[in-house]
Amino acid sequence: HATIRDPRFLPAMKASPFRMVTYYTRKANRTDLDYFHENGIRAIAALNDSYVTCASWARPGDLNARDEEIAHTARIVQDVKDHPALLGWYLYDEPTESVLPRVRERYKLVKALDGEHLCLTVLCHARHARDAIAASDVIGLDCYPVPGKGTEATRPARLDAASRAAREAVACTQRDK
């Protein structure tokens, strides 16, 4: 969860074997992508600000919010889809079951506008994995509590819990409906 303009970010990236970031705290934009490109980093860029539930531009009670939500997404995708630093789109972070249908709609829209880049959705509940398959090319899984937090004595148990959650997510994708 580094801030891309944090002065520690770039040296840490250059010292690591990683050359890809996923950022979702800022709307995808050419300025950030230019920064990544100049430094040899590819990015999975955020679209989660394009949902009314997350958007800083949305107004409560706006009757046209859903149409604007779709138009807002389309503008972002059209604006940066040709950028050389773009690796893909971060569609949503930890959608609830009620939001997954909108993520599926958004996935179809993004793929229609830009069939060249992958779409990522990150879940926090393995039970949503099967439904999320239709809403993403790549699924990530946040396992809580976060492994590595806490005392040395609790880390193995948390890593084991993360492994169980990952196995559960895979199993969910293979079950019949």
Which atoms form the tightest heavy-atom contact between Ala135 and Thr121, and what is the distance? O-OG1, 3.5 Å
For Ala134 and Tyr107, which heavy atoms make the closest approach, and how far apart are they? O-CD2, 3.5 Å
Which atom pair, heavy atoms only, marks the closest approach of Cys124 to Leu141? C-CD1, 4.2 Å
Stepwise side chain to side chain contact (heavy atoms under 4.5 Å, CB included) check, Ile70 with Arg106: CA-CA 8 Å; Ile70 293 165; Arg106 195 59 41 86; 4.2 Å; yes
Nearest heavy atoms of Ala74 and Leu109, plus distance in Å: N-CD2, 4.5 Å
With a 4.5 Å limit on heavy-atom distance, are the side chains of Lys81 and Glu116 in contact? no
Worked verdict on Leu113 versus Thr73 for side chain to side chain contact (heavy atoms under 4.5 Å, CB included): CA-CA 10 Å; Leu113 296 171; Thr73 300; 5.8 Å; no
Is there a donor-acceptor contact under 3.5 Å from the side chain of Arg42 to the main chain of Leu86? yes
Take Asp114 and Trp89 through the test side chain to side chain contact (heavy atoms under 4.5 Å, CB included) and record every step on the way to the result. CA-CA 10 Å; Asp114 178 13; Trp89 301 103; 3.0 Å; yes
Output yes when a side-chain donor or acceptor of Asn39 lies under 3.5 Å from a complementary backbone atom of Tyr35, and no otherwise. yes
Over all heavy atoms of both residues, which pair between Asn29 and Val80 is shortest? Give the atoms and the distance, please. C-CG1, 3.9 Å
Would you please name every residue forming a side-chain contact (heavy atoms from CB on, under 4.5 Å) with Ala71, sequence neighbours left out? Glu68, Arg75
Of all residues at least two apart in sequence or in a different chain, which pass the salt bridge (charged side-chain N to carboxylate O under 4.0 Å, His left out) check with Lys111? Asp137
In chain order, what residues pass the salt bridge (charged side-chain N to carboxylate O under 4.0 Å, His left out) check against Arg30, with sequence neighbours excluded? Asp82
Do Asp131 and Arg104 have side chains that get closer than 4.5 Å, going by heavy atoms? yes
Any sub-3.5 Å donor-acceptor pair from Ser136's side-chain atoms to Cys119's backbone N or O? yes
